[in-house]
Number of protein chains: 2
Amino acid sequence: MQTIEQVLESKDIRVTAMRLLIYKFLAEKEVAVTLSDIEHAFVKADRTTLYRTIKTFEEKDIVHQIDDGTGITKYALCENGCNCEIETDLHLHFHCNNCNETICLTEHKIPQIKVPEGFVSENVNLVVKGICDKCSGQ
Amino acid sequence: MQTIEQVLESKDIRVTAMRLLIYKFLAEKEVAVTLSDIEHAFVKADRTTLYRTIKTFEEKDIVHQIDDGTGITKYALCENGCNCEIETDLHLHFHCNNCNETICLTEHKIPQIKVPEGFVSENVNLVVKGICDKCSGQ
DNA sequence: CAATAATTGCACTTCCATTGCAAGTATTAG
DNA sequence: CTAATACTTGCAATGGAAGTGCAATTATTG
């Protein structure tokens with residue numbers, strides 16, 4: 001098990017207090033978060049810093065962006081099984097219409113999608129919407 | 001073949017000049033359009049009117065909204081084969097990374113997606129990104 | 001320790017989506 | 001036909017999210 005410091009360093013990201021905190025925040029959340037989620041969690045920090053931290057994480061492939069159709073970009077840590085830098089490794093996301101949370105279903109790979117003649121598929125975004133286990137259960 | 005007037009009336013939408021024009025515009029376009037596309041096509045009309053017209057069309061199920069991941073909502077007429085009011089009728093959308101256009105692949109139905117135990121799937125949004133036939137071909 | 005590079009915070013800006021209100025236009029009842 | 005009512009349109013303004021420039025601070029390297 002690597003420390004967060006090691007993870008960051010291995011990706012050429014300088015270790016700062018801010019980045020450690022944000023990484024930890026993302027790691028603790030099991031759902032994808034918006035920028036304003038992070039903002040609310042770190043009221044002392046500046047919006048821009050949070051924004052740029054996430055962007056850095058994204059560039060260095062330790063976070064991936066999720067477009068769940070709510071219109072607001074969400075982010076989640078790339079971990080165990082998520083190799084989102086590889087175009088062909090695509091997992092799907094589930095958005096709960098009840099609690100409004102979005103989670104990565106990392107084990108669920110997206111089936112091969114056929115596109116018409118002349119079209120070249122480079123990337124697939126698949127979001128399933130419905131009721132999540134927590135909300136449907138009881 | 002119904003006239004546009006008949007289409008609108010059958011959906012309980014009052015026929016106005018504005019609505020006929022916007023419907024015609026959407027019908028002529030074979031790609032999904034953004035609000036500002038419409039805005040540029042109808043510079044004389046007010047943004048709000050265009051916005052509300054599209055929203056009315058959407059409510060009455062003659063237009064469906066597409067979230068292609070560009071961050072800007074696009075709209076397309078529901079026609080021949082698109083029954084988007086029925087949750088189970090889901091076609092996919094193709095977004096071209098080159099020309100930035102998004103089209104409905106109405107004939108291409110989304111395969112059944114399995115979700116984990118406890119999750120209830122109500123809706124699926126699938127956007128394939130890549131190069132469209134016009135851009136890839138010649 | 002000095003020079004350099006990266007990070008953070010502040011102040012803006014832009015863009016899209018959305019709403020309130022007033023004016024105009026169409027529809028319906030009397 | 002006219003008055004009352006409902007719907008539509010345009011204007012103005014708001015809010016939220018994303019993104020950028022610049023200065024100040026902090027870290028890194030020689």
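In this text, all values refer to a predicted model and were calculated from it rather than measured experimentally. Here is how names work: the chains are called A, B, and so on, in the same order as the sequence lines, proteins then strands, and each is numbered from 1.
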For A:V43, the rest of its hydrophobic cluster, which grows through side-chain links under 4.5 angstrom: none
Pairs satisfying salt bridge (charged side-chain N to carboxylate O under 4.0 Å, His left out), at least one member in residues 1-10 of chain B, at least two apart: none
Contact pattern, 5' to 3', of nucleotides 8-23 of chain D - B, S or - by protein heavy atom under 4.0 Å: SBBBB-----BSBBB-
Atom-to-atom span, CZ of A:F42 to P of C:dT7 - whole angstrom: 18 Å
Between P of D:dC7 and CD of B:E9, the distance in whole Å: 16 Å
d(CD1, B:I38; P, C:dC15) in whole Å: 18 Å
Whole-Å distance separating the CZ atom of A:F57 from the P atom of C:dT7: 11 Å
Shared-cluster residues of A:V120, by chain and number - hydrophobic side chains joined below 4.5 Å: B:I131
Residues in side chain to side chain contact (heavy atoms under 4.5 Å, CB included) contact with B:K24, at least two apart in sequence or another chain: B:I4, B:E28
Any A:F57 side-chain heavy atom under 4.5 Å of A:I22 side chain: yes
Rounded interatomic separation in angstrom, taking CG from A:L21 and P from C:dT8: 11 Å
Spacing between A:D67 atom CG and C:dC16 atom P, to the nearest angstrom: 16 Å
Partners meeting salt bridge (Lys or Arg N to Asp or Glu O under 4.0 Å) with A:E58 (sequence neighbours left out): A:K55
Length of the CG-C1' vector between B:L8 and D:dC7, whole Å: 15 Å
Spacing of B:E59 atom CD relative to C:dT18 atom P, expressed in whole Å: 12 Å
